[in-house]
Amino acid sequence: MTSDFQPKSDFLRVLSERGFIHQCSDFAGLDEKARNGRITAYVGYDCTAPSLHIGNLISAMMLHWLQQTGHRPITLMGGGTTRVGDPSGKDETRKLLTVEQIEANKNGIKGVFSKLLHYSPDGNGAIMVDNAEWLTKLNYIDMLRDIGRHFSINRMLSMDSVKLRLDREQELSFIEFNYMILQSYDFVELSRNYDCCLQMGGSDQWGNIVNGVDLGRRMGSQQLYALTTPLLTTASGAKMGKTASGAVWLNADMFSPYEYWQFWRNTEDADVSRFLKLFTLLPLDEIAKLSALGGAEINEAKKVLATEATALLHSRAAADEAAETARQTFEQGGAAETLPTIIIPAAELADGLGVLAAFVTAGLVASTGEARRLIQGGGLRVNDEAVSDPRSTLDPTLLRDGAIKLSMGKKKHVLLKAE
RNA sequence: GGGGGAAUGUCCCGAGCGGCAAAGGGGGCGGACUGUAAAUCCGCUGGCUACGCCUUCGCAGGUUCGAGUCCUGCUUCCCCCA
């Protein structure tokens with residue numbers, strides 16, 4: 001955390017109170033600027049996947065508060081930079097994505113922001129731009145002369161993103177080495193065209209952002225600022241956002257509102273307060289009350305966290321439905337209608353469907369082998385009864401209200417319906 | 001250009017005298033205990049039409065009853081010399 005500086009601007013005060021701030025290039029200067037008028041700030045998003053994930057949410061939330069406190073957010077799509085690939089925090093070169101993939105990913109990512117920001121060309125309406133617009137037009141010689149000359153290789157070699165690779169004797173290709181130059185240039189470009197003076201991002205972006213600030217100074221832009229968030233980890237130190245099945249995606253078609261709700265519901269006790277501040281819009285005094293709950297009561301706070309976070313990203317209705325599904329499933333031990341459902345042909349069930357196949361079809365296990373192992377460990381249940389024989393079959397007599405409830409472990413349930 | 005190393009279970013790290021579905025971690029998953037938490041303990045962590053069959057140790061061949069392990073060629077990476 002950066003000193004005990006007391007921000008006077010609404011913007012930094014909110015971010016600071018809610019725990020968003022890790023580092024800032026010039027806290028006092030930025031605070032002053034934000035207090036004296038509307039500023040424009042941006043966060044860049046790489047288009048490496050068809051959806052953003054939890055790790056991206058924290059910076060998106062910063063943009064939200066930026067707008068709420070009267071300033072203008074820019075969401076920068078990395079349509080250009082993704083073609084190069086950011087080496088920060090990565091052990092190995094990522095495979096280059098095709099231009100088509102990048103475009104497709106970009107379109108997948110865009111949607112999320114409309115949940116958190118108002119877009120409009122006027123006032124403090126958010127704007128979305130794509131750095132492919134200017135990066136793809138750069139001419140190599142011009143770029144070297146205008147931009148490249150401001151970069152010192154000596155200094156670039158000392159940047160974490162580069163040093164790490166070199167220290168570990170892992171290859172860093174020239175194309176990746178250029179990433180920070182392009183990102184720096186983005187900042188200057190946005191500062192010229194949109195009067196943007198602040199770039200925010202995760203702490204792993206500090207080096208890239210500060211380089212942009214520096215380039216701005218060398219190229220005679222206005223004073224630029226850098227602001228980063230802490231790296232999102234759980235209280236036990238694990239990197240957030242990775243689950244068994246992969247990342248916690250923000251797009252509903254990749255990670256359903258119900259799964260999303262469950263993700264937050266399973267937060268560790270020690271993280272509840274921090275996450276309420278970061279990922280919900282609840283006022284701080286209310287969060288303080290919730291955080292004060294001790295022992296088993298903290299579960300109430302987790303439900304609020306789950307519902308508020310889900311409502312913010314998906315919708316209030318989806319959040320309430322997820323909460324209700326969870327209530328029926330976990331608190332009453334029933335099978336809520338709204339659990340994830342898999343439909344199979346009625347004939348298949350009438351003929352007797354093998355349990356192993358059923359669990360594979362339901363997507364609860366990846367293979368029949370895994371299903372067998374889980375059965376041995378007592379981890380699979382049909383209508384809440386542990387499965388003991390891998391050769392047993394499911395038939396229509398097991399239908400309860402038209403569905404068979406398949407469960408893996410205590411938390412994952414799927415309804416199997418026949419049609 | 002010359003010399004020397006390295007690539008292992010498709011999550012990662014990492015052992016591996018010619019008999020290996022391959023030691024050990026980490027991570028993940030399941031079970032017990034709980035509060036859908038943490039900590040702790042136990043189990044699992046190639047596939048299948050499953051007491052049997054099939055496919056795995058960078059790639060392609062070869063020697064052998066049998067190769068991750070030996071030989072040849074290739075690819076990629078690292079180190080030293082130039």
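Computed from a predicted structure; not experimentally measured. First the proteins, then the strands, lettered A, B, ... as listed; each starts at 1.
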* Asked: Just by distance, with hydrogens left out, do A:Gln183 and A:Gln205 show a side-chain donor and acceptor under 3.5 Å apart?
  -> yes
* **A:Ile344 and A:Leu349, any side-chain heavy atoms less than 4.5 Å apart** => yes
* When rounded to the nearest 0.5 angstrom, what distance separates CG in A:Asp214 from OG in A:Ser184? -> 8.5 Å
* Identify, between A:Gly377 and A:Arg265, the residue whose nearest nucleotide on RNA chain B lies closer to the 5' end. => A:Gly377
* Return the residues of residues 342-373 of chain A meeting this criterion: a heavy atom under 4.0 Å from some atom of RNA chain B. Order them by number, or give none. => A:Ser367, A:Thr368, A:Gly369, A:Arg372, A:Arg373
* C1' spacing across the pair B:A60 / B:G43, given as an integer number of angstrom -> 41 Å
* Structure fact -> Answer for the Watson-Crick or wobble partner of B:A15, both distances under 3.5 Å, is none
* Sole candidate of A:Thr310, A:Thr325, A:Thr307 that passes side-chain hydrogen bond (donor to acceptor under 3.5 Å, both in side chains) when paired with A:Trp261 -> A:Thr307
* Sidechain N-carboxylate O distance under 4.0 Å for A:Glu370, A:Arg373 -> no
* Asked: Are A:Lys410 and B:U34 close enough that a side-chain N or O sits under 4.0 Å from OP1 or OP2?
  -> no
* Structure fact -> pair_partner(B:C51), Watson-Crick or wobble, both distances < 3.5 Å, evaluates to none
* Is the CD atom of A:Glu419 crowded by more than 12 outside heavy atoms at less than 6.0 Å? -> no
* Asked: Rounding to the closest angstrom, what is the interatomic distance between B:A37 and B:G30 at atom P?
  -> 10 Å
* Asked: Is there a Watson-Crick or G-U wobble partner for B:C77 with both distances under 3.5 Å, and which nucleotide is it?
  -> B:G5
* Asked: Pick from A:Lys303, A:Lys302, A:Arg316: which one makes a salt bridge (charged side-chain N to carboxylate O under 4.0 Å, His left out) with A:Glu308?
  -> A:Arg316
* What distance, rounded to whole Å, do you find between the two P atoms, one in B:A50 and one in B:G16? -> 38 Å
* Asked: Where along residues 298-310 of chain A does a heavy atom come under 4.0 Å from RNA chain B, residue by residue in number order?
  -> A:Ile298, A:Asn299, A:Lys302
* To do: Tell whether A:Gln262 reaches the base of B:U36 with its side chain through a donor-acceptor pair below 3.5 angstrom.
  => yes
* Asked: Mind checking the C1' distance from B:C17 to B:G1? Whole angstroms is fine.
  -> 38 Å
* Asked: P atom, B:G25 versus B:A15: distance in rounded Å?
  -> 15 Å
* B:C44 pairs with which nucleotide, Watson-Crick or G-U wobble, both distances below 3.5 Å? -> B:G28
* Asked: Which pairs count as salt bridge (Lys or Arg N to Asp or Glu O under 4.0 Å) when at least one residue sits in residues 275-295 of chain A, sequence neighbours excluded?
  -> none
* Between B:C29 (P) and A:Arg381 (CZ): distance, integer Å -> 16 Å
* Is the distance between the ring centroids of A:Phe187 and A:Tyr42 less than 6.0 Å? -> yes
